[in-house]
2 protein chains.
Amino acid sequence: MTITENSFTGEFSYTLDSKGRLNIPSKFRSALSPDNDSNFVITKGMDRCVVAYPVVEWQRRVEAGLRELSATSQRNRLFVRSVTRYATTVRLDGQGRIQLTPYLKDYARLDRDVRIIGVVNKIEIWNPDDLENIDELSPEDFEDLSDKVIL
Amino acid sequence: MTITENSFTGEFSYTLDSKGRLNIPSKFRSALSPDNDSNFVITKGMDRCVVAYPVVEWQRRVEAGLRELSATSQRNRLFVRSVTRYATTVRLDGQGRIQLTPYLKDYARLDRDVRIIGVVNKIEIWNPDDLENIDELSPEDFEDLSDKVIL
DNA sequence: TAACATTGTGGGTAGAAGTGGGTAACAAAC
DNA sequence: GTTTGTTACCCACTTCTACCCACAATGTTA
């Protein structure tokens, strides 16, 4: 099972229920490696979305780096704070749902309908309107980047 | 159990009660390693906030950082003194609350409403207004540091 | 087509978490 | 010795949340 660890793809539509719970697509759930303990870390993403990392992913990429950053410069301090401040560890409930924090729900303008997309090793949670309105890559850029990234 | 030692994330709103007691988020309490004896060291933080370290973390800092700094310049010595001078060990009460010292409460302008944020290996306690008003990083700086640290 | 399994959604409820206050113990001040 | 004030411990109350069960809709298998 160690072949593809946490590779998320696809787009899904879900609704936040009255308690603010959000379903995670079952395909994403099964893509979680078992030692993840069914946990995600959710935080602010770029462009007004919420990102969710499997915990191991978060630890590997973020925590390790943040610990190294010295707190001496104001710039570093602001950065570390702005990353961790909005990050919360959440566990899937029995039905595979997570609870969003009020701040993140507000930040990403999530009301009832949400769009969830898989982005390789993380998940993004969007307001459907915002997702439609973000600028798509120009066809030229797309080809340019495609060449470089293989794919 | 090999998870990560004391990694604090997230933001929480609490109130100082009439006795000056401050609740510590349960998520932070459980992130304390058991041998910490339910203790924190609180002291002056950068940018007008109060910082709270688990005792083991505090000890590590004192040994690693402060000791070296102290011998060098007068400026550093002043800094070290101001940090250690106001440092107090506090224990959580039965409900998971701590008592702030008058000096720190005054220094961070904590009145009734406070914001608590987790910053990797320490906790910061803020006046809500101050927290909102600290300069956020410019998007360029953010991306720049993101590239270096995260991916 | 019928039987069954999976998935998304909704809601009740016990226990946890946050908040407030009483009081005994102790130290400092009078 | 008495008074005052602070602190730590205990108990009480309200709010929130994690866990449980339920069910409809969809997909799958025989």
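Per chain, numbering begins at 1; letters A, B, ... match sequence-line order. Remember, it's a predicted structure, so these values are computed and weren't measured experimentally.
In this entry the distance linking CG of A:N23 with C1' of D:dA25 reads 14 Å, nearest Å. Protein atom CG of A:D93 is 12 Å distant from nucleotide atom C1' of D:dC21, rounded to whole Å. Atom-to-atom, NZ of A:K19 to C1' of D:dC20 comes out at 10 Å; the value is rounded to the nearest Å. Distance A:N39 CG to D:dA18 P: 11 Å, rounded to the nearest Å. Rounding to whole angstrom units, CZ of residue A:R97 and C1' of D:dC20 are separated by 11 Å. One can place OH of A:Y14 at 12 Å from C1' of D:dT26, the figure rounded to the nearest angstrom. The CZ atom of B:R91 sits 8 Å away from the P atom of D:dA8 (whole-angstrom rounding).
For B:F28 and B:F12, the ring centers are positioned less than 6.0 Å apart. For A:Y86 and A:Y103, the distance between ring centers is under 6.0 angstrom.
Bracketed by its first and final contacts, the part of DNA chain C lying under 4.0 Å from non-hydrogen atoms of chain B reaches from C:dA17 to C:dT23 in 5' to 3' order.
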*Assess whether side-chain contact (heavy atoms from CB on, under 4.5 Å) is satisfied between B:K105 and B:D111, documenting all intermediate values.*
CA-CA 7 Å; B:K105 219 159 52 176; B:D111 180 25; over 6 Å; no
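Along DNA chain D, the nucleotide nearest A:R21 and the nucleotide nearest B:Q99 are compared for position; the residue whose nucleotide lies closer to the 5' end is B:Q99.
Taking 4.0 Å as the cut-off between side-chain N and carboxylate O, B:E124 and B:R115 do not count as a salt-bridged pair. A salt bridge between A:E57 and A:K122 is absent, with no side-chain N of the basic residue lying under 4.0 Å from a carboxylate O of the acidic one. Salt bridge A:R112/A:D17: absent, no basic N to carboxylate O contact under 4.0 Å.
In this structure, the helix from C:dT1-D:dA30 to C:dC30-D:dG1 shows an angle of 30° between the axis at its start and the axis at its end, each fitted on 5 base pairs and rounded to 10°.
A:R60 and A:N121 are not linked by any side-chain donor-acceptor pair at a separation below 3.5 angstrom, with hydrogens and angles left out of the test.
When heavy atoms are screened at a 4.0 angstrom cut-off, B:D17 is found touching the sugar-phosphate backbone but no base atom.
In this structure, A:Q59 contributes its side chain and A:P54 its backbone to no donor-acceptor pair below 3.5 Å.
Side-chain contact between A:N127 and A:V114 is absent, with no heavy-atom pair separated by less than 4.5 Å.
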